[in-house]
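Read the structure below first, then the notes.
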Amino acid sequence: MNANHVRVRFAPSPTGGLHLGGVRTVLFNYLFARKYNGTFVLRIEDTDQGRFVPGAEEYIFDCLDWCGLSPDESVRKEGPYAPYRQSERKAIYRDYAEQLLESGHAYYAFDTPAELEQMRNDLRTPENPAPQYDHRTRGMMRNSLTLGEEETRRLILEGTPYVIRIKVPENETIHFHDMIRGDIHHETNVVDDKVLLKADGMPTYHLAVVVDDYLMKITHAFRGEEWLPSAPVHILLWQYLGWKAHMPQWAHLPLILKPDGNGKLSKRDGDRLGFPVFAMDWTDPKTGEVTTGFRERGFLPEAFVNLLAMLGWNPGIEQEVFSLEELCELFSMERVHKGGAKFDYEKAKWFNQQHIQRTDNARLATLVAPFFEKENITAEPEYLTRVIGLIKERCHLLPDFVTQGRFFFEAPAQPDLEAVKGKWSPGKTEFFRTWAASLDSIAPDHEALEASFTELATAKGIKKGDLMLPLRIMLVGGKFGPGVFDIVAMIGSAATQQRIEAALVQLA
RNA sequence: GCCGCGUUGGUCAAGGGGUUAAGACGCCUCCCUUUCACGGAGGAAUCACGGGUUCGAUUCCCGUACGUGGUACCA
């Protein structure tokens with residue numbers, strides 16, 4: 001593996017449903033990797049034992065599989081840098097934390113959570129509502145800097161719980177280049193001494209991400225904008241560990257915001273506004289609460305990926321509908337927007353509609369069948385495929401095929417006869433009885449059917465226009481659907497006759 | 001509060017010192033369709049504000065405002 005082989009990673013913590021924004025981060029990683037013939041690594045960030053959620057890891061894999069964004073290396077497909085679960089790499093991090101201790105860039109801290117809270121309370125003022133553990137305060141805390149070597153050694157020998165913190169230097173400016181934002185800088189004086197190794201021996205994200213990115217030879221690190229404020233800590237760590245030359249290139253992705261109001265898009269917003277936020281259905285194992293996903297809502301994975309790609313990125317050409325392959329070719333990190341994007345569900349549905357039109361009917365049939373089953377409608381594949389050809393252009397989501405197509409499978413339960421009742425006449429009843437009776441001898445194609453319909457209408461002296469809508473409502477149940485004679489041809493003469501007769505009875 | 005990062009129509013956005021400031025979604029009107037959609041043709045609607053720099057700023061610089069993120073032994 002040569003030195004400039006692109007390696008990227010997505011490092012989720014398995015704590016629940018996979019959010020839109022998470023999938024987009026995966027997507028940008030994936031596209032970047034494909035574009036440069038690189039490797040896409042999935043690393044499980046499970047260093048917080050308190051937040052372990054059973055099933056969450058499996059769910060992440062399922063989502064990525066559904067989206068077609070499967071990783072090249074992961075806990076399921078180990079490459080040369082296993083293990084890929086951070087909890088299984090625990091021992092590794094300690095070594096590096098100790099290295100930092102030795103070089104004086106980190107220190108032991110024995111402060112209990114209560115003592116930390118005490119400090120924050122004592123120091124809190126209106127001007128400084130969130131006092132930090134930093135160069136100003138570390139001198140008044142219980143750590144190896146204030147206690148001295150001997151006392152520190154004694155406390156450790158006694159088994160006193162401790163954490164290891166980075167010692168952030170004073171009066172320095174940390175610069176780094178972001179592929180999307182350009183030069184970014186932070187003053188170290190406002191960066192706090194982040195915990196690197198927790199009391200339980202697990203690393204925090206800050207230590208783990210640097211160590212693993214180095215060890216796994218990650219060349220480009222893409223993550224959400226929420227990580228920007230802690231970037232200086234990571235840069236410092238790359239430097240202190242002596243790996244600065246191997247530091248990946250950074251790109252901090254803009255956030256996906258809620259459509260109304262402000263703030264990051266959350267699961268709650270989806271519930272509130274009526275659209276999915278997770279990729280697939282997620283069942284909270286504790287509460288049993290189900291949050292619906294894009295997949296179950298009736299999105300095609302390629303549409304989901306497409307709409308995500310266009311949230312915060314665009315290729316600068318007029319085309320908006322793309323396959324994953326096209327996206328791989330076109331993608332570039334430099335064209336990612338800096339500002340956050342509000343999620344627009346209407347546009348999301350439009351993307352799905354566009355992809356439905358581009359999908360062949362047989363595949364749609366297999367995707368749509370479960371939605372019919374849910375409604376207890378048995379849809380025979382070949383027939384379903386033909387029905388889909390007739391109704392697909394008016395479908396935005398997969399369940400639309402059921403609402404737009406159920407009358408192909410069963411008579412309308414409650415035809416909206418009110419719409420024609422007022423203008424009904426015995427002559428019309430007679431017309432329909434006569435026409436229905438003639439159906440068996442007419443070729444089942446829409447032209448022949450329409451010709452006979454027109455001919456009989458003329459013979460009876462009734463305007464064809466006064467008969468079309470009634471026929472539609474008898475067969476479909478309402479004012480919608482494809483050409484009415486296409487429907488007759490599709491459902492056949494027996495069903496047509498039955499529906500006409502049933503309606504006639506009601507109109508009598 | 002402090003720090004970081006942002007800001008082109010309602011939304012996604014192209015553009016970037018001189019333009020009639022693209023396109024898409026949504027909305028409205030019309031056409032097509034003896035239904036509803038699809039499709040087509042139009043329309044309303046935008047460079048946050050204030051200072052500079054400049055012959056000329058939406059574009060560059062500085063402020064302000066606003067938004068957003070962070071400020072955990074969570075990621």
Side-chain angles (χ1 to χ4, degrees), chain A residues 11-15 45-48 50-51 86 109 111-113 116-117 120 124-134 161-165 178 180-181 184-187 189-192 194-206 208-209 223-232 252 254-255 257 259-264 307 310-321 335 337-351 353-354 357 391-396 400 404 419 463-469 471-473 476 478-484:
Chain A
S13 51
T15 52
E45 209 100 44
D46 59 347
T47 54
D48 187 355
R51 293 213 300 167
Q86 289 183 331
D111 317 277
T112 64
L116 289 173
E117 207 190 317
R120 289 182 183 120
R124 184 173 296 127
T125 62
E127 298 76 41
N128 184 15
Q132 294 183 318
Y133 201 122
D134 60 13
Y162 64 87
V163 301
I164 295 174
R165 286 180 182 269
D178 185 283
I180 297 168
R181 293 152 205 280
I184 307 230
H185 58 270
H186 291 85
E187 299 300 326
N189 285 355
V190 297
V191 176
D192 64 330
K194 289 258 182 298
V195 169
L196 265 18
L197 204 72
K198 304 188 252 189
D200 64 3
M202 279 288 193
T204 59
Y205 171 84
H206 307 293
V209 73
R223 60 196 345 180
E225 190 185 340
E226 67 267 28
W227 291 109
L228 223 29
S230 54
H252 290 86
L255 268 9
L257 308 169
D260 63 343
N262 306 304
K264 251 201 303 193
L307 73 92
M310 305 307 286
L311 263 189
W313 172 85
N314 87 86
I317 57 178
E318 291 205 354
Q319 186 183 348
E320 289 190 275
V321 180
R335 290 197 67 91
H337 249 251
K338 296 181 179 76
K342 289 185 182 174
F343 179 66
D344 181 355
Y345 189 51
E346 291 307 317
K347 183 120 190 195
K349 285 192 285 193
W350 177 80
F351 274 110
Q353 188 256 134
Q354 293 297 307
Q357 306 323 311
I391 61 174
K392 72 193 289 187
E393 61 243 16
R394 62 202 77 205
C395 296
H396 287 76
D400 292 348
Q404 290 293 330
K463 272 197 290 183
K464 185 185 171 194
D466 292 339
L467 297 165
M468 293 289 281
L469 189 63
L471 177 60
R472 167 173 301 281
I473 291 175
V476 172
K479 292 194 238 184
F480 65 96
V484 72

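Throughout, a chain's letter reflects where its sequence line sits, starting with A, and its residues are numbered from 1.
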(message) Using the C1' atom as the point on both nucleotides, what is the distance between G15(B) and G9(B), in whole Å?
(response) 15 Å
(message) Please give the distance between the P atoms of U11(B) and G67(B) as a whole number of Å.
(response) 15 Å
(request) Decide, yes or no, whether a salt bridge links Lys194(A) with Asp192(A) under the criterion of side-chain N to carboxylate O below 4.0 Å. (result) yes
(request) Would you kindly say whether Arg223(A) and His252(A) are connected by a side-chain donor-acceptor distance under 3.5 Å? (result) yes
(message) Rounded to the nearest 0.5 Å, what separates atom CG in Leu307(A) from atom CG in Asp344(A)?
(response) 10.0 Å
(message) Classify Arg124(A) by what it touches in the nucleic acid, base, sugar-phosphate, or nothing, heavy-atom distance under 4.0 Å.
(response) nothing
(request) Remember a base hit wins even if backbone is also touched, and classify Pro129(A) as base, sugar-phosphate or nothing at under 4.0 Å, heavy atoms. (result) base
(message) With rounding to the closest Å, how many angstrom separate the C1' atoms on U7(B) and U64(B)?
(response) 13 Å
(message) Need the pair for A37(B). Rule: Watson-Crick or G-U wobble, both distances under 3.5 Å, any strand; none if unpaired.
(response) none
(message) With a 4.0 Å cut-off on N to O distance, would you call Arg51(A) and Asp48(A) a salt bridge?
(response) yes
(request) Might you work through the side-chain contact (heavy atoms from CB on, under 4.5 Å) test for Leu228(A) and Arg181(A), ending with a clear yes or no? (result) CA-CA 11 Å; Leu228(A) 223 29; Arg181(A) 293 152 205 280; 4.0 Å; yes
(request) Identify whether any heavy atom of Thr125(A) sits under 4.0 Å from a base atom; if not, whether one sits that close to sugar-phosphate; answer base, sugar-phosphate or nothing. (result) nothing
(message) From C-beta outward on Lys464(A), which listed nucleotide comes closest to its side chain: C25(B), U34(B), C73(B)?
(response) U34(B)
(message) Is the phosphate of C74(B) approached by Ser13(A) (side-chain N or O, under 4.0 Å from OP1 or OP2)?
(response) no
(message) Between C1' on G69(B) and CZ on Arg181(A), what's the gap in Å once rounded to a whole number?
(response) 10 Å
(request) Could you check which of G69(B), C12(B), G15(B) has an atom nearest any side-chain atom of Glu226(A)? (result) G69(B)
(message) Between C1' on U11(B) and CE on Met310(A), what's the gap in Å once rounded to a whole number?
(response) 14 Å
(message) Between Phe343(A) and Leu311(A), is there a side-chain heavy-atom distance shorter than 4.5 Å?
(response) yes
(message) From the set C3(B), A14(B), A75(B), return the single nucleotide nearest to any side-chain atom of Asn314(A).
(response) A14(B)
(message) Measuring only the C1' atom in each nucleotide, how far is A24(B) from A14(B)? A whole number of Å is fine.
(response) 11 Å
(message) Using the P atom as the point on both nucleotides, what is the distance between A41(B) and C25(B), in whole Å?
(response) 11 Å
(request) Could you measure between the two P atoms, the one in A48(B) and the one in A72(B), and give it in whole Å? (result) 34 Å
(request) Can you establish whether the number of heavy atoms outside Lys479(A) located under 6.0 Å from its atom NZ is more than 12? (result) no
(request) Please state whether the base of C38(B) and the side chain of Arg394(A) form at least one donor-acceptor pair under 3.5 Å? (result) no
(message) What's His252(A) touching, base or sugar-phosphate or nothing? Going by heavy atoms closer than 4.0 Å.
(response) nothing
(request) May I have the distance from Asn128(A) (atom CG) to C3(B) (atom P), rounded to whole angstrom? (result) 11 Å
(request) Answer with base, sugar-phosphate or nothing: what part of the nucleic acid does Asp466(A) contact at a heavy-atom distance below 4.0 Å? (result) nothing
(request) Look at all strands and tell whether Arg335(A) reaches a base, only sugar-phosphate, or nothing, counting heavy atoms closer than 4.0 Å. (result) sugar-phosphate
(request) Consider the side chain of Leu469(A), meaning its heavy atoms from C-beta on, and name the nucleotide among C25(B), U35(B), C73(B) that approaches it most closely. (result) U35(B)
(message) Students often get this wrong, so: under 4.0 angstrom with heavy atoms, is Gly263(A) touching a base, only sugar-phosphate, or nothing?
(response) sugar-phosphate
(request) Among A75(B), G23(B), A13(B), find the nucleotide with the atom closest to the side chain of His337(A). (result) A13(B)
(message) Regarding Val163(A), tell me which of base, sugar-phosphate or nothing describes its non-hydrogen contacts under 4.0 Å with the strands shown.
(response) base
(request) Give none if C25(B) has no partner; otherwise give the nucleotide forming a Watson-Crick or G-U wobble pair with it, both distances under 3.5 Å. (result) G10(B)
(request) For Pro113(A), report the nucleic acid contact type (base, sugar-phosphate, nothing); a contact means any heavy atom under 4.0 Å. (result) base
(request) With the side chain of Lys198(A) defined as its heavy atoms from C-beta on, choose the nearest nucleotide among A37(B), C74(B), A24(B). (result) C74(B)
(request) Report the base-pairing partner of C2(B) (Watson-Crick or G-U wobble, both distances below 3.5 angstrom), or none. (result) G70(B)
(message) Less than 6.0 angstrom from the centroid, inside 45 degrees of the normal: does Arg165(A) satisfy that with respect to the ring of Tyr133(A)?
(response) yes
(message) Angle between ring planes, Tyr205(A) versus Trp227(A), binned at 30° and 60°: parallel, tilted or perpendicular?
(response) parallel
(message) Nearest heavy atom decides the nucleotide; on that basis, is Arg472(A) or Ser230(A) closer to the 5' end of RNA chain B?
(response) Arg472(A)
(request) Would you mind classifying the nucleic acid contact of Gly312(A) as base, sugar-phosphate or nothing, using non-hydrogen atoms under 4.0 angstrom? (result) sugar-phosphate
(message) Could you check whether atom CD of Glu117(A) has more than 12 heavy atoms from other residues, nucleotides or ligands sitting under 6.0 Å from it?
(response) no
(request) Round to a whole Å and report the spacing from CD1 of Ile184(A) to C1' of G6(B). (result) 11 Å
(request) Rounded to whole angstrom, note down the C1' distance from A57(B) over to C38(B). (result) 44 Å
(request) Under 4.0 Å between any heavy atoms, over every strand shown, what does Pro482(A) touch: base, sugar-phosphate, or nothing? Just pick one. (result) base
(request) Tell which nucleotide pairs with U19(B), taking only Watson-Crick or G-U wobble pairs whose two distances are both under 3.5 angstrom. (result) none
(request) Describe the nucleic acid contact of Gly339(A) in one word from base, sugar-phosphate, nothing, applying a heavy-atom distance below 4.0 Å. (result) sugar-phosphate
(message) So if I take every side-chain heavy atom of Phe480(A) and compare against C36(B), C74(B), U8(B), which nucleotide ends up nearest?
(response) C36(B)
(message) Of the listed nucleotides (C5(B), C74(B), U34(B)), which one gets closest to any side-chain atom of Arg51(A)?
(response) C74(B)
(request) Report the distance from atom CD1 of Ile391(A) to atom P of U33(B), rounded to the nearest whole Å. (result) 23 Å
(request) Please confirm whether any donor atom in the side chain of Lys194(A) sits under 3.5 Å from an acceptor in the base of A72(B), or the reverse. (result) no
(request) Could you work out the separation of U19(B) and U58(B) based on their C1' atoms and round it to a whole Å? (result) 11 Å
(request) Would you mind pulling out the nucleotide paired to C60(B), Watson-Crick or G-U wobble, both distances under 3.5 Å? (result) G52(B)
(request) Provide, to the nearest angstrom, the distance between the NZ atom belonging to Lys264(A) and the C1' atom belonging to C74(B). (result) 11 Å
(message) Taking the minimum atom-to-atom distance to the side chain of Glu225(A), which one of C5(B), C38(B), G69(B) wins?
(response) C5(B)
(request) Return the nearest nucleotide to the side chain of Ala341(A); candidates are C12(B), A75(B), A14(B). (result) C12(B)
(request) May I have the distance from Asp344(A) (atom CG) to C25(B) (atom C1'), rounded to whole angstrom? (result) 6 Å
(request) Find which nucleotide of RNA chain B each of Tyr205(A) and His186(A) is nearest to by heavy atoms, and output the residue with the more 5' nucleotide. (result) His186(A)
(message) Just the rounded figure in Å: distance from P of G10(B) to CZ of Phe343(A).
(response) 20 Å
